[in-house]
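Letters A, B, ... mirror the listed sequences (proteins, then strands); counts begin at 1.
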Amino acid sequence: MADDKKLTTRQADFSAWYNELVLRSELADYSPVRGCMVIRPNGYGIWERMQRALDGMFKATGHENAYFPLFIPESFMHKEAEHVEGFAPELAVVTHGGGKELEEPLVVRPTSETIIYSMYAKWVQSYRDLPIRINQWANVVRWEMRTRLFLRTMEFLWQEGHTAHATHDEAEEETRLILGIYREFMEQWMAMPVVTGLKTQSEKFAGALRTYGCEAMMQDNKALQAGTSHNLGQNFAKAFDLKFQGESGAIEHAWNTSWGVSTRLVGGLVMTHGDDNGLRTPPRLAPIEVVVVPIWKSDEERARLLEAAARLRDHLTGWGGRGDDRIRVRIDSREGIKPGAKYYEWELRGVPLRVELGPRDLEKNACVAARRDRREKVTLPLDGLAPAIGALLEDIQVSMLAAARARREANSIREPVTYDRFRELMEGEGAFVYAGWNGDPAVEARVKAETKATIRCLPDTEFRTTPAPQRCMVTGEPAQHEVVWARAY
RNA sequence: CGGGACGUAGCGCAGUCCGGUAGCGCACCUGAAUGGGGUUCAGGGGGUCGCGGGUUCAAAUCCCGCCGUCCCGACCA
């Protein structure tokens with residue numbers, strides 16, 4: 001692999017392509033511990049930008065950050081019946097500390113509902129103490145059988161929001177608010193279109209009343225659950241005695257929500273936008289938006305070009321057309337590497353825009369800008385370059401979303417299909433299949449067993465098909481819901 | 001945890017059948033030329049052959065045991 005200049009193509013082996021891309025673009029590397037990964041600066045830089053964007057959106061809607069501990073008393077996990085059942089098989093448990101066996105084992109959090117709601121129970125007495133809307137950025141551990149870089153690792157980074165409300169409707173509103181934030185982030189920042197909707201009972205979060213999710217289509221036409229937002233009802237409040245006295249004087253249990261997105265999103269970004277030359281990063285998430293490659297022959301030229309490149313960088317960085325969000329520029333002044341080799345490297349890493357600056361350009365007072373998304377080059381005058389670059393970056397961002405959306409729609413099936421045809425599709429090229437469902441969990445289970453496809457969601461109104469499907473795809477009975485079927489990661 | 005494969009330089013591999021000086025490609029270091037889409041030449045460094053035991057004059061190679069990784073299935077953000 002290290003000797004091959006070219007990546008395995010997506011066509012040849014999607015999964016090998018993905019692994020090679022992640023490793024070679026230095027997003028991440030395998031760790032000495034099975035199932036864990038090291039997130040390298042290139043990957044972490046993207047995650048940091050994701051964090052910054054989401055964090056801003058959470059705060060703008062009234063949430064605050066806090067931090068709860070990594071260790072949870074084992075007994076906490078057993079207090080909510082479905083929750084234990086869901087998470088017990090994948091818990092890491094600490095039984096010894098300081099050379100002694102612990103009286104009560106500590107669970108390494110797989111998610112923090114239990115410890116957070118136990119604390120909320122301490123903090124809430126009156127309806128005046130509500131709502132509580134806290135988010136935390138943390139790592140969690142789930143003992144997974146099979147792992148894949150970013151998509152499923154035993155330890156991963158995420159944010160988990162946990163709120164407590166006085167009424168069901170307020171909790172529901174919060175759940176939907178967050179789903180909308182996720183969708184906006186995924187579309188506007190990641191340029192990754194998603195279908196939002198309700199999860200079925202079998203796919204919902206362990207312990208939730210209802211789960212909503214964002215489903216994105218990867219380039220192999222499989223679905224990636226990119227984010228979830230749960231209305232927990234009063235399940236955890238009852239388990240952890242989270243009660244308050246209402247205006248009327250009555251004691252009631254609070255209503256909770258929880259929601260999260262993880263470093264899995266980085267994997268989603270790769271599988272949404274990557275091509276056979278490497279990663280393509282949407283500008284808004286790119287740690288480096290513009291890489292300047294100066295080209296020279298002689299030492300004299302080198303000095304001249306490096307100086308011109310620095311001026312160009314300062315010009316771009318100094319531009320205020322995006323307010324405080326300055327264009328992120330890097331100059332690649334490395335010697336001994338030919339420009340062509342630099343081009344390939346930065347393309348592999350997904351930098352959205354490359355600016356080539358050589359003696360010929362300087363003479364014309366111009367430069368060449370090459371956009372990563374379409375691998376197209378344009379010559380731009382150096383005078384007034386910044387606004388032009390700003391506009392190009394904006395166009396790349398918008399084009400990437402449009403291209404991803406077009407690809408998803410091209411691989412979505414909304415006409416009625418027979419179950420046989422459906423099975424063929426799932427065995428073959430894959431798709432998002434919109435179809436009627438009779439609402440029976442047994443049908444869902446059967447389809448999963450027979451095709452590995454699952455109901456990704458009951459899509460929200462704006463994603464539904466008109467006219468609505470009348471019949472269940474599997475049984476032919478009247479449809480209770482329209483659902484989206486797909487194989488998923 | 002069931003089925004399959006593999007473990008030799010940083011990475012990818014050959015060598016194992018048939019025991020006899022540990023090799024190749026890429027990467028890396030040095031020097032020179034080169035430089036607008038993956039440069040070329042010359043020189044160089046780097047290995048307890050997964051671990052433990054056994055057989056043998058001699059083990060990467062044969063035998064036994066262990067460990068680990070990857071792929072396919074059941075579970076999952």
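- As rounded to the nearest Å, B:C49 and B:A74 have P atoms that lie 40 Å from one another.
- Taking atom C1' in both B:C13 and B:A60, one finds a spacing of 14 Å when rounded to whole Å.
- Centroid-to-centroid, the aromatic rings of A:F236 and A:H83 come within less than 6.0 Å.
- A donor-acceptor pair under 3.5 Å is formed between the side chain of A:N411 and the backbone N or O of A:R407.
- If A:G340 and A:A488 are placed on RNA chain B by their nearest nucleotide, the residue sitting closer to the 5' end is A:G340.
- Applying a 4.0 Å cut-off to non-hydrogen atoms, the residues of residues 263-272 of chain A that approach RNA chain B are A:R264, listed by residue number.
- Across the P atoms, B:A59 and B:G20 are found 11 Å apart, a figure rounded to whole Å.
- With sequence neighbours left out, the side-chain contact (heavy atoms from CB on, under 4.5 Å) criterion links A:D373 to A:R280, A:R371, A:I396, A:S399, A:M400.
- In this structure, A:L362 CG and A:I295 CD1 are separated by 10.0 Å, a value rounded to the nearest 0.5 Å.
- Between A:F240 and A:F76, the gap from one ring centroid to the other is short of 6.0 Å.
- Distance check on atom C1': B:A27 versus B:G44 gives 14 Å, rounded to whole Å.
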Under 3.5 Å, which protein N or O atoms sit close to an N or O of nucleotides 42-45 of chain B? Give each pair with its distance.
none

Q: Give the C-alpha distance, both sets of side-chain angles, the deciding distance and a yes or no for side chain to side chain contact (heavy atoms under 4.5 Å, CB included) between A:L198 and A:C457.
A: CA-CA 5 Å; A:L198 183 66; A:C457 67; 5.8 Å; no

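- Rounded to an integer number of Å, the gap from CD1 of A:I337 to C1' of B:G36 is 16 Å.
- Across the protein-nucleic acid pair, A:R487 atom CZ and B:G73 atom P stand 9 Å apart, rounded to whole Å.
- Comparing the C1' positions of B:G12 and B:U55 gives an interatomic distance of 34 Å, to the nearest angstrom.
- By the criterion of a centre-to-centre distance under 5.5 Å and near-parallel planes under 30°, the ring of A:W158 forms no stack with the base of B:A77.
- For RNA chain B, the neighbouring residues in residues 296-310 of chain A, judged by any heavy atom under 4.0 Å, are A:W296, A:K297.
- Here B:A77 presents its P atom at 19 Å from CE of A:M50, a figure rounded to the nearest Å.
- A distance-only check finds a donor-acceptor pair linking the side chain of A:K204 to the backbone of A:A208 [under 3.5 Å].
- The partner of B:C70 is B:G4, by the rule that a Watson-Crick or G-U pair needs both atom distances under 3.5 Å.
- Salt bridge A:E356/A:R354: present, at least one basic N to carboxylate O contact under 4.0 Å.
- In this structure, the nucleotide among B:U39, B:G37, B:G36 sitting nearest to the side chain of A:I295 is B:G36.
- Under the Watson-Crick or G-U wobble criterion, with both distances below 3.5 Å, B:G25 is paired with B:C11.
- Both geometric conditions, a ring-centre gap below 5.5 Å and a plane tilt below 30°, are not fulfilled together for A:Y343 over the base of B:G37.
- Between A:Y419 and A:F422, the ring-plane angle classifies as parallel under the 30° and 60° cut-offs.
- The NE2-P distance, from A:H83 to B:A77, rounds to 12 Å in whole Å.
- As rounded to whole Å, 15 Å separates atom P of B:G37 from atom CG of A:N277.
- Between the CG atom of A:L91 and the P atom of B:A77 there is a distance of 14 Å, given to the nearest Å.
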Q: Could you walk me through whether A:V290 and A:L316 pass the side chain to side chain contact (heavy atoms under 4.5 Å, CB included) test, one step at a time?
A: CA-CA 9 Å; A:V290 178; A:L316 292 179; 4.2 Å; yes

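- Closest contact between the side chain of A:R375 and the listed nucleotides B:G38, B:G37, B:C75 involves B:G37.
- For the segment residues 346-368 of chain A, residues with any heavy atom less than 4.0 angstrom from an atom of RNA chain B are, sorted by number, A:E347, A:R354, A:E356, A:G358, A:P359, A:R360, A:D361, A:V368.
- For A:F185 and A:F58, the gap between ring centers reaches or exceeds 6.0 Å.
- Judged by Watson-Crick or G-U wobble contacts below 3.5 Å, the nucleotide B:G36 has no partner.
- Taking 3.5 Å as the limit, the base of B:G36 and the side chain of A:K342 contain no donor-acceptor pair of atoms between them.
- Separation of the P atoms belonging to B:C29 and B:G10 is 15 Å when rounded to the nearest angstrom.
- Using a cutoff of 4.0 Å between basic side-chain nitrogens and carboxylate oxygens, A:E172 and A:R210 are scored as salt-bridged.
- When the C1' atom is used for both B:U16 and B:C26, the distance is 24 Å, rounded to whole Å.
- Judged by closest nucleotide on RNA chain B, A:K452 is the one of A:R456 and A:K452 placed further toward the 5' end.
- Distances shown here put a side-chain N or O of A:K338 below 4.0 Å from the OP1 or OP2 atom of B:G36.
- With sequence neighbours left out, A:W437 forms a side chain to side chain donor-acceptor pair (under 3.5 Å) with no residue at all.
- Between the C1' atoms of B:U56 and B:U40, the separation comes to 50 Å (whole Å).
- The separation between A:L149 atom CG and B:C70 atom C1' is 12 Å, rounded to whole Å.
- Relative to the six-membered ring of A:F432, A:R408 misses at least one condition, a distance below 6.0 Å or an angle of at most 45° to the axis.
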